[in-house]
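Just follow the structure's listing: the first ligand is 1, and inside any ligand the first atom is 1. All of these numbers come straight from a predicted model, not from anything done at the bench. We use all heavy atoms of the structure for the numbers below, so side chains are in, but hydrogens, waters and symmetry mates are not.
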Amino acid sequence: MSKVLVSDPIDQAGIDILSQVATVDVNTGLKPAELIEIIGQYDALMIRSGTRVTQEIIEAGTQLKIIGRAGVGVDNVDVPAATRRGIVVVNSPEGNTIAAAEHALAMMLSLSRHIPDANASVKRGEWDRKTFVGAEVYKKTLGVVGLGKIGSHVAAVAKAMGMKLLAYDPFISTERAEQIGCQLVDLDLLMQQSDYITLHIPKTPETTHIINATTLAKMKPTARIINCARGGIIDEAALAAAIKEGKIAGAALDVFESEPLGESDLRAIGKDIILTPHLGASTTEAQVNVAIDVAEQIRDVLLGLPARSAVNIPGLGPDVLEELKPYMQLAETLGKLVGQLAGGRVELLTVRLQGELATNKSQPLVIASLKGLLHQALRERVNYVNANIEAKERGIRVIETRDASARDYAGSLRLEATGTLGTHSVTGALLGDKEIHLTDVDGFPINVPPSKYMVFTLHRDMPGIIGKLGSLLGSFNVNIASMQVGRKIVRGDAVMALSIDDPLPDGILAEITKVPGIRDAYTVTL
Ligand SMILES: NC(=O)c1ccc[n+]([C@@H]2O[C@H](COP(=O)([O-])OP(=O)(O)OC[C@H]3O[C@@H](n4cnc5c(N)ncnc54)[C@H](O)[C@@H]3O)[C@@H](O)[C@H]2O)c1
Ligand SMILES: O=C(O)CC[C@@H](O)C(=O)O
């Protein structure tokens with residue numbers, strides 16, 4: 001049975017799902033060294049934001065197949081290191097959207113009305129109504145930085161509260177922003193004109209300290225800023241200084257450059273700052289959503305099924321993947337075949353989607369072709385996650401082409417590999433939507449289902465050659481299961497495809513090429 005380690009607190013609903021297929025160990029609060037020591041026994045790791053999955057941990061996780069992040073941000077996982085090792089990383093892109101958006105809105109209102117400090121003063125026995133005079137958000141301008149899932153929900157609710165909306169997001173269209181009721185502007189204008197600014201962007205090299213002393217200086221002295229996205233997007237030292245110097249009116253932060261928040265100037269600021277300990281996703285509903293979402297994906301991957309929200313393999317819905325699966329098997333088989341025909345080091349792979357297939361997404365088929373192509377060199381180490389990276393690291397260039405006019409089969413796939421030993425091509429199609437057939441090898445039409453062990457020859461089409469090859473193989477006790485010749489003209493060049501029952505014993509390939517008329521011979525294992 002598989003083993004799953006849950007290293008941060010997750011809802012029981014997730015544990016119940018994992019327990020259907022695996023032994024589940026819940027072991028939270030581990031130090032990095034402790035995690036490194038035990039991770040080698042586990043097939044899957046499920047985390048929230050508390051566990052930092054470094055390259056060292058990934059390398060120690062020799063059995064790991066999947067890392068599941070019960071939440072959105074995967075910035076606590078070294079995704080490139082996982083990808084190189086062929087480990088799927090999945091998250092829950094939507095499970096806590098509403099929770100995080102509502103936390104940002106709660107922060108905005110709490111900040112405007114000084115609710116945390118007013119509450120604390122009443123609890124201390126005071127009745128101070130002067131200190132806590134607030135401001136209304138109605139008719140004020142909210143600047144939303146990042147108009148994705150959370151930013152859009154915040155915008156929709158703020159609009160209903162009568163706020164005017166500006167948004168900065170270089171990756172969305174003006175039309176999309178207008179649909180949500182936002183005017184798309186550049187960051188400078190948003191900083192200058194907003195009364196409230198709320199951040200909903202991922203932490204990337206581009207967004208790290210995107211809010212700094214310079215951008216803060218553009219804000220109105222009455223404006224407030226809210227960060228429920230990621231620590232490090234705001235330069236905390238510059239923010240503390242801006243509030244203390246009265247350059248801005250206040251801030252509310254749920255996330256910090258370093259968590260848990262240690263020594264910080266932010267703590268010393270009174271009622272103009274609200275700090276919460278990364279609570280954006282901490283609602284009962286969100287925790288059930290993300291736990292189920294991620295546990296289901298871990299269960300599926302451990303059962304050999306695709307994950308629906310993998311961050312390091314093509315994002316295809318389960319229905320699309322289901323439809324493409326037979327073609328992915330075709331692509332992988334053709335990749336294995338063309339790689340072995342090409343031999344040596346392949347430098348260029350051309351993937352051509354033909355007929356009906358030409359309208360399909362090519363990326364999964366390219367990845368499956370590369371997985372097949374690299375199988376000879378990497379065996380089980382190559383998978384859908386790392387095939388692209390492994391190919392890039394080996395300097396294999398990939399060209400994708402489409403030919404919707406190809407009509408021989410409803411849909412077919414042609415792979416051409418060029419390497420240090422020459423160029424070879426293979427084409428295949430699905431018969432009856434499922435059965436893989438090779439339909440062309442090196443430009444010669446054939447129609448054979450691939451088998452585990454095969455021999456291909458390039459020869460001159462002439463009387464007696466098939467018999468001679470048959471006797472030669474027979475003399476070495478090789479049993480031929482099927483044989484077919486593909487030729488373009490009678491007595492011209494031809495290709496022979498033989499399925500054999502066992503691997504071709506060593507040394508026989510050289511004997512085959514000695515048969516008069518046979519120019520080249522290849523043995524492949526699929
Ligand atoms: N506090 C919490 O507990 C909590 C909970 C959930 C999510 N989050 C965080 O909230 C953030 C947003 O999550 P989401 O689900 O809305 O993500 P999302 O991917 O749906 O939206 C992110 C948006 O940011 C935009 N963006 C990316 N780079 C940008 C840049 N340089 N400048 C401006 N915009 C940029 C993208 O175009 C996208 O529209 C993430 O950082 C996530 O980790 C925090
Ligand atoms: O695990 C958490 O509670 C935080 C999750 C949140 O930061 C996320 O990115 O989804």
Side-chain angles (χ1 to χ4, degrees), residues 6-11 14 28 46-53 68-77 79 89-107 143-156 166-174 176-177 179-180 182 184-191 197-212 215 226-234 252-257 259-261 274-291 293-294 309 311 315:
V6 177
S7 63
D8 287 319
I10 67 153
D11 193 88
T28 60
M46 184 157 174
I47 57 164
R48 276 176 63 188
S49 55
T51 305
R52 180 151 290 280
V53 189
R69 160 72 161 102
V72 184
V74 287
D75 43 310
N76 53 331
V77 179
V79 178
V89 180
V90 300
N91 69 349
S92 170
E94 287 171 18
N96 59 26
T97 299
I98 301 299
E102 289 183 358
H103 197 72
L105 289 157
M107 290 286 234
V144 182
V145 179
L147 207 49
K149 293 179 288 296
I150 298 171
S152 304
H153 189 71
V154 168
L166 299 178
Y168 168 66
D169 189 327
F171 306 107
I172 73 146
S173 65
T174 311
R176 169 78 187 130
Q179 269 170 13
I180 305 165
C182 294
L184 212 52
V185 293
D186 65 27
L187 185 60
D188 276 359
L189 199 68
L190 182 144
M191 299 302 291
I197 292 165
T198 185
L199 307 177
H200 300 290
I201 48 180
K203 186 182 176 199
T204 64
E206 294 73 43
T207 63
T208 299
H209 287 190
I210 194 170
I211 306 298
N212 51 43
T215 40
I226 298 132
N227 185 10
C228 290
R230 274 295 173 268
I233 293 173
I234 301 185
L253 307 178
D254 184 45
V255 286
F256 302 90
E257 291 189 344
E259 292 180 14
L261 181 66
I274 299 176
L275 309 175
T276 52
H278 205 145
L279 291 182
S282 293
T283 64
T284 313
E285 296 85 344
Q287 285 315 306
V288 172
N289 291 344
V290 296
D293 205 0
V294 170
S309 306
V311 300

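- Within the 3.5 Å criterion, the main-chain N or O of P9 finds a donor-acceptor partner in the side chain of R48.
- Proximity of H103 to ligand 1, defined as any heavy-atom pair under 4.0 Å, is not found for any part of the residue.
- Residues that satisfy the side chain to side chain donor-acceptor pair (under 3.5 Å) test with Q179, not counting sequence neighbours, are R176.
- For ligand 1, the polar-atom distance check against P170 finds no nitrogen or oxygen pair separated by under 3.5 Å.
- The ligand atoms of ligand 1 that sit less than 4.0 angstrom from a heavy atom of G73 are 43 (O).
- Counting heavy atoms closer than 4.0 Å to ligand 1, residue A100 contributes side-chain atoms (C-beta onward) but none from N, CA, C or O.
- No donor-acceptor contact under 3.5 angstrom links the side chains of T97 and H153, judged on distance only.
- The side-chain heavy atoms of I47 and V77, taken from C-beta on, include a pair separated by under 4.5 Å.
- In terms of N/O distances under 3.5 Å, ligand 1 is approached by D169.
- Among residues two or more places apart in sequence or in another chain, the salt bridge (Lys or Arg N to Asp or Glu O under 4.0 Å) test is passed with D293 by R308.
- Between the side chains of N76 and S49, no donor-acceptor pair is found at a separation under 3.5 Å.
- Counting the atoms of ligand 1 from 1 in the order shown, those under 4.0 Å from a heavy atom of H278 are 1 (N), 2 (C), 3 (O).
- Atoms of ligand 1 lying under 4.0 Å from at least one heavy atom of H200, given by number and element, are 12 (C), 22 (C), 23 (C), 24 (O).
- Note: an N/O pair closer than 3.5 Å links R230 and ligand 1 by distance alone.
- Residue-to-ligand polar distances keep T207 apart from ligand 1: every N/O pair is separated by 3.5 Å or more.
- With hydrogens left out, the protein atom closest to atom 15 (O) of ligand 1 is K149 CE, 3.5 Å, a heavy atom.
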Contacts table for ligand 2: protein N or O within a distance under 3.5 Å of ligand N or O, distances only.
unit_1	atom_1	unit_2	atom_2	d
ligand 2	1 (O)	R48	NE	3.1
ligand 2	1 (O)	S49	N	3.4
ligand 2	1 (O)	R69	NH1	3.4
ligand 2	3 (O)	R48	NE	3.4
ligand 2	3 (O)	R48	NH2	2.7
ligand 2	7 (O)	R230	NH1	3.0
ligand 2	7 (O)	R230	NH2	3.1
ligand 2	7 (O)	H278	NE2	2.7
ligand 2	9 (O)	R69	NH2	3.3
ligand 2	9 (O)	G73	N	2.8
ligand 2	9 (O)	R230	NH2	2.6
ligand 2	10 (O)	V72	N	2.5
ligand 2	10 (O)	N96	ND2	2.8

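- The proximity of I150 to ligand 1, defined as any non-hydrogen pair under 4.0 Å, involves the side chain as well as the backbone.
- Using a distance-only test at 3.5 Å, with no hydrogens or angles considered, a donor-acceptor pair links the side chain of T204 to the main chain of T207.
- Listed by chain and residue number, nothing satisfies the side chain to side chain contact (heavy atoms under 4.5 Å, CB included) test with A106 (two or more places apart in sequence, or in another chain).
- Here the closest non-hydrogen pair linking M191 and T215 is CE-O, 3.6 Å.
- Here is the list of ligand 1 atoms found below 4.0 Å of a heavy atom in C228: 1 (N), 2 (C), 4 (C), 44 (C).
- The backbone N or O of N96 sits nowhere less than 3.5 Å from a side-chain atom of N289 that would complete a donor-acceptor pair.
- Donor-acceptor pairing under 3.5 Å is recorded for the side chains of T198 and H200.
- A donor-acceptor distance shorter than 3.5 angstrom exists from the side chain of D186 to the backbone of L189, with no hydrogens or angles considered.
- Distances from atom 21 (O) of ligand 1 to the heavy atoms of A281, G148, A104 show the closest one on G148.
- Using modelled atom types, one finds no donor on one side chain facing an acceptor on the other under 3.5 Å when comparing D8 with T28.
- Closest heavy-atom contact between L261 and F256: CD1-CD2, 3.8 Å.
- At least one heavy atom of L147 lies less than 4.0 angstrom from ligand 1.
- Given atom 34 (N) of ligand 1, the protein heavy atom at minimum distance is I201 CG2, 3.2 Å.
- For atom 27 (C) of ligand 1, the closest non-hydrogen atom of the protein is P202 CD, 3.6 Å.
- For D254, a nitrogen or oxygen atom sits less than 3.5 Å from a nitrogen or oxygen atom of ligand 1, counting backbone and side chain alike.
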